[in-house]
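Read through the structure below, which is laid out as structure tokens, and then see the notes.
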Amino acid sequence: MSSPSDDVDPSENRTAERSPAVLPVSSRVTFNRLELNRILNLYGRMVADGEWRDYAIDFLKDRAVFSIFRRACEVPIYRIEKDPRLTRKQGAYSVISASGLILRRGHELDRVLLVIDRKLALI
């Protein structure tokens, strides 16, 4: 009743099949956990205030972008970008308006987000 296929562990075949999918994506820029937590805290407060309704996150080869929408069918009202190439120059983080104007750029995410975080800016 034993066949040659019974001698092979089925989990070994599955691991071999999955190994190409487990490989890391080729050098994409991402937000780390602390950065994303800070951005999502701000986003959650603004959603609770009824100002923002949707967001999108894009991890590109040269930068990571968190786009904030008032409605899903519109262009983003703000884009929070992380561009590591600018780390030593003007700062990796920037907040960009819908018109493409850079509202603030800097080395620390918390200070850059103050431009759109009214509660912290007023204190």
Does a side-chain heavy-atom distance below 4.5 Å link [X] with [Y]?
{"X": "I39", "Y": "L109", "result": "yes"}
{"X": "L34", "Y": "R38", "result": "no"}
{"X": "R33", "Y": "L36", "result": "no"}

**Asked** Excluding sequence neighbours, so at least two apart, what forms side chain to side chain donor-acceptor pair (under 3.5 Å) with T30?
**Response**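 For T30 there are no side chain to side chain donor-acceptor pair (under 3.5 Å) partners, ignoring immediate neighbours.
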**Item:** Results of ring pair (Phe, Tyr, Trp, His ring centres under 6.0 Å) for Y78 - residues two or more places apart only
**Value:**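 Listed in chain order: nothing, the list is empty.
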Verify the cluster assignment for [X] and [Y]: are they in a single hydrophobic cluster under the rule of side-chain heavy atoms below 4.5 Å apart?
{"X": "I57", "Y": "L60", "answer": "no"}
{"X": "I80", "Y": "V29", "answer": "no"}
{"X": "L40", "Y": "I68", "answer": "yes"}
{"X": "L114", "Y": "I102", "answer": "no"}
{"X": "V65", "Y": "F31", "answer": "no"}

Which donor-acceptor pairs under 3.5 Å do the side chains of residues 86-93 make with protein atoms, sequence neighbours left out?
| from | atom 1 | to | atom 2 | distance (Å) |
| --- | --- | --- | --- | --- |
| T87 | OG1 | P84 | O | 2.8 |
| Q90 | OE1 | R105 | NH1 | 2.4 |
| Y93 | OH | E35 | OE2 | 2.1 |

**Asked** Counting only heavy atoms not in Y55, do more than 12 sit closer than 6.0 Å to its OH atom?
**Response**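 No, the 6.0 Å shell around OH holds no more than 12 heavy atoms from other groups.
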**Item:** Evaluation steps, side chain to side chain contact (heavy atoms under 4.5 Å, CB included), between I116 and W52
**Value:** CA-CA 12 Å; I116 54 178; W52 299 346; 4.0 Å; yes
For the [atom1] atom of [X] and the [atom2] atom of [Y], what is their distance to the nearest 0.5 Å?
{"X": "L103", "Y": "R79", "atom1": "CG", "atom2": "CZ", "value": "10.5 Å"}
{"X": "D54", "Y": "I77", "atom1": "CG", "atom2": "CD1", "value": "11.0 Å"}
{"X": "K82", "Y": "R63", "atom1": "NZ", "atom2": "CZ", "value": "14.0 Å"}

**Asked** With no hydrogens and no angle check, is any side-chain donor or acceptor of R104 less than 3.5 Å from a backbone partner on R111?
**Response**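 It does hold such a pair.
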